[in-house]
There are 2 protein chains.
Amino acid sequence: MTEINTALFRHFEKYISLSDELKSALNDRISFAAFKKGELVHDANKICTKSYFIQKGLFRAYFIKDGKEISEYFPAENEWSNSPKSFITRQKDIYFIEAIEDSETFCLSVEDLVFLFDHYPEMERYSRLSMGTVFGHLMERITSLRFTTAKEKYEHFIRTYNDIHHRIPLGMVASYLGIAQETLSRIRSER
Amino acid sequence: MTEINTALFRHFEKYISLSDELKSALNDRISFAAFKKGELVHDANKICTKSYFIQKGLFRAYFIKDGKEISEYFPAENEWSNSPKSFITRQKDIYFIEAIEDSETFCLSVEDLVFLFDHYPEMERYSRLSMGTVFGHLMERITSLRFTTAKEKYEHFIRTYNDIHHRIPLGMVASYLGIAQETLSRIRSER
DNA sequence: TAAAACATTTGACCCAGATCAAAAAATCAC
DNA sequence: GTGATTTTTTGATCTGGGTCAAATGTTTTA
């Protein structure tokens with residue numbers, strides 16, 4: 001059991017308790033993967049078969065609309081990252097994922113995850129509970145997108161991405177918020 | 001096993017297979033509840049301890065902002081309805097739920113659900129898988145809210161709420177979409 | 001370290017959709 | 001069925017923020 005895995009185990013233990021048996025099953029199935037800044041982690045032209053737990057670094061999930069990259073969200077330290085629909089349904093979806101910083105991750109394949117679900121019911125519980133957390137974030141984001149000015153959207157973003165927001169280039173933040181780059185620049189300058 | 005429960009069992013069986021044992025456990029714990037049009041199903045001033053599976057009818061989840069009711073979503077036939085965060089965390093949250101039509105539902109309490117999770121791991125799996133579906137809807141909605149005109153938002157709404165959309169009053173649709181009532185009225189008239 | 005590539009800022013202009021106001025239509029309650 | 005309430009429509013006006021264009025700043029690469 002490496003030093004490295006402790007961050008990941010700690011993450012699981014926020015939701016369930018890990019038996020030694022499950023720990024070793026996880027260890028057997030999870031591998032290490034590093035990405036350089038700008039490197040493509042997942043290509044929308046392929047089916048997403050892997051999920052990455054970010055130990056250090058920062059990713060960006062985005063899709064292309066009218067030839068422009070639209071950022072969808074920014075998976076960071078201690079979060080899983082994949083193309084959700086593609087990963088679950090085993091079909092292609094629209095999302096690309098790239099590393100916006102040099103990153104270190106733990107990698108788990110769908111097949112291995114399915115194996116874990118089938119043999120360790122706690123993993124189902126972990127999945128249910130952790131999805132609940134993300135669920136809440138999505139609902140908050142929907143509310144924030146509907147009845148707020150551009151400035152309020154930006155302020156909500158800063159709250160959500162707390163210590164990460166300054167690591168994300170302005171243009172990416174603008175498309176994440178659904179506002180023009182120029183507008184965001186003006187908002188920033190008047191603070 | 002009543003005739004009525006078949007709709008609910010069919011719903012579960014979209015995700016997992018139900019053993020006779022689980023079926024009877026569900027039967028023991030699920031009760032029937034009817035609501036009249038306009039009746040409050042859940043009050044934001046209380047903790048949400050029950051989840052309702054709508055067999056017939058239509059609900060609306062909303063919250064109050066600046067004294068006005070903002071519709072969040074419209075749970076309909078063959079869907080569960082509750083105040084998600086309140087139900088999960090056992091704390092108060094901002095959502096009210098009301099029946100916008102005379103409705104018939106099956107009711108399951110948190111305690112009973114927890115019991116089912118603890119004794120039937122398939123239920124954890126059901127929960128994980130069905131949350132995945134909802135997850136996809138939320139992500140689509142986020143995309144639809146960001147880069148679209150009021151008309152496109154309305155068209156996306158009609159696609160999402162397919163055969164239900166004509167049962168929802170205009171004003172509620174407008175606040176769901178985050179556009180002014182007047183704008184929605186104009187969009188409708190020019191179709 | 002220069003020049004190419006990329007990201008951010010600033011300026012001018014314009015329009016989708018918000019807001020305010022009031023009429024018309026639909027629904028409800030007695 | 002009729003008046004009262006609620007909901008929807010229509011009209012007039014105004015503004016936040018989008019778009020286009022160009023300047024400035026910052027990274028990257030060779």
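Quick note on labels: first sequence line is chain A, next is B, and so on, each numbered from 1.
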Report, one line per pair, each donor and acceptor closer than 3.5 Å where one atom sits in a side chain of residues 106-114 of chain B; sequence neighbours left out.
{"unit_1": "B/Ser109", "atom_1": "OG", "unit_2": "B/Glu111", "atom_2": "OE1", "d": "3.4"}
{"unit_1": "B/Ser109", "atom_1": "OG", "unit_2": "B/Asp112", "atom_2": "N", "d": "3.2"}
{"unit_1": "B/Ser109", "atom_1": "OG", "unit_2": "B/Asp112", "atom_2": "OD2", "d": "3.2"}
{"unit_1": "B/Asp112", "atom_1": "OD1", "unit_2": "B/Arg29", "atom_2": "NE", "d": "3.4"}

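- Spacing between atom CZ of B/Arg60 and atom C1' of D/dT7 amounts to 13 Å, rounded to whole angstrom units.
- Checked against salt bridge (charged side-chain N to carboxylate O under 4.0 Å, His left out), A/Glu79 has no partners two or more places apart in sequence or in another chain.
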List the atom pairs, donor and acceptor, that lie under 3.5 Å between side-chain atoms in residues 122-131 of chain B and the rest of the protein, sequence neighbours left out.
{"unit_1": "B/Glu124", "atom_1": "OE1", "unit_2": "A/Arg128", "atom_2": "NE", "d": "2.5"}
{"unit_1": "B/Glu124", "atom_1": "OE1", "unit_2": "A/Arg128", "atom_2": "NH2", "d": "3.0"}
{"unit_1": "B/Glu124", "atom_1": "OE2", "unit_2": "A/Arg125", "atom_2": "NE", "d": "2.5"}
{"unit_1": "B/Glu124", "atom_1": "OE2", "unit_2": "A/Arg125", "atom_2": "NH2", "d": "2.7"}
{"unit_1": "B/Arg125", "atom_1": "NE", "unit_2": "A/Glu124", "atom_2": "OE2", "d": "2.5"}
{"unit_1": "B/Arg125", "atom_1": "NH2", "unit_2": "A/Asp118", "atom_2": "OD1", "d": "2.8"}
{"unit_1": "B/Arg125", "atom_1": "NH2", "unit_2": "A/Glu124", "atom_2": "OE2", "d": "2.7"}
{"unit_1": "B/Tyr126", "atom_1": "OH", "unit_2": "B/His11", "atom_2": "NE2", "d": "2.7"}
{"unit_1": "B/Tyr126", "atom_1": "OH", "unit_2": "B/Trp80", "atom_2": "NE1", "d": "2.9"}
{"unit_1": "B/Arg128", "atom_1": "NE", "unit_2": "A/Glu124", "atom_2": "OE1", "d": "2.5"}
{"unit_1": "B/Arg128", "atom_1": "NH2", "unit_2": "A/Glu124", "atom_2": "OE1", "d": "3.0"}
{"unit_1": "B/Ser130", "atom_1": "OG", "unit_2": "B/Tyr126", "atom_2": "O", "d": "3.0"}
{"unit_1": "B/Ser130", "atom_1": "OG", "unit_2": "B/Ser127", "atom_2": "O", "d": "3.3"}

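- B/Phe74 and B/Phe59 have their aromatic ring centers separated by at least 6.0 angstrom.
- Every residue two or more places apart in sequence or in another chain was checked for a salt bridge (charged side-chain N to carboxylate O under 4.0 Å, His left out) with B/Glu21, and none qualifies.
- Taking A/Tyr73 as the reference, nothing meets the side-chain hydrogen bond (donor to acceptor under 3.5 Å, both in side chains) condition, with sequence neighbours excluded.
- Scanning residues 147-169 of chain B for heavy-atom distances under 4.0 Å to DNA chain C yields B/Thr149, B/Ala150.
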Protein-nucleotides 10-12 of chain C N/O pairs closer than 3.5 Å?
{"unit_1": "C/dG11", "atom_1": "N7", "unit_2": "A/Arg186", "atom_2": "NH1", "d": "3.0"}
{"unit_1": "C/dG11", "atom_1": "O6", "unit_2": "A/Arg186", "atom_2": "NH2", "d": "3.3"}

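- A/Glu140 is linked by a side-chain hydrogen bond (donor to acceptor under 3.5 Å, both in side chains) to A/His156, counting only residues two or more places apart in sequence or in another chain.
- Rounded to whole Å, atom C1' of D/dG18 lies 14 Å from atom CG of A/Asp66.
- If you take CD of A/Glu98 and P of C/dC6, they are 13 Å apart, rounded to a whole angstrom.
- Taking atom CD1 of A/Ile187 as the reference point, atom P of C/dT8 lies 15 Å away to the nearest angstrom.
- As a whole-Å value, the separation of B/Leu177 CG from C/dA16 P is 19 Å.
- The distance from atom OH of A/Tyr120 to atom OG of A/Ser19, rounded to the nearest 0.5 Å, is 6.5 Å.
- One atom, NZ of B/Lys36, and another, P of C/dC28, lie 13 Å apart when rounded to the nearest Å.
- From one end of the helix from C/dT1-D/dA30 to C/dC30-D/dG1 to the other, with five pairs defining each end axis, the axis direction shifts by 60° (rounded to 10°).
- For the salt bridge (Lys or Arg N to Asp or Glu O under 4.0 Å) condition, the pairs that include at least one residue of residues 52-65 of chain B, sequence neighbours left out, are B/Arg60-B/Glu69, B/Arg60-B/Glu98.
- Separating the CG atom of B/Leu184 from the C1' atom of D/dT7 is a distance of 12 Å, rounded to the nearest angstrom.
- Salt-bridge check for A/Glu72 with A/Arg141: passed, with a basic side-chain N closer than 4.0 Å to an acidic carboxylate O.
- Residue pairs meeting the salt bridge (Lys or Arg N to Asp or Glu O under 4.0 Å) criterion with at least one partner in residues 164-184 of chain B, sequence neighbours excluded, are B/Glu77-B/Arg167, B/Glu101-B/Arg167.
- Atom CG in A/Leu138 sits 11.0 Å away from atom OG1 in A/Thr143 (nearest 0.5 Å).
- Taking atom CD1 of B/Ile70 as the reference point, atom C1' of C/dA18 lies 14 Å away to the nearest angstrom.
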Give me, pair by pair, the N or O atoms of the protein and of nucleotides 28-30 of chain D that are less than 3.5 Å apart, along with how far apart they are.
none

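- The number of heavy-atom neighbours closer than 6.0 Å to NZ of A/Lys153, taken from other residues, nucleotides and ligands shown, is above 12.
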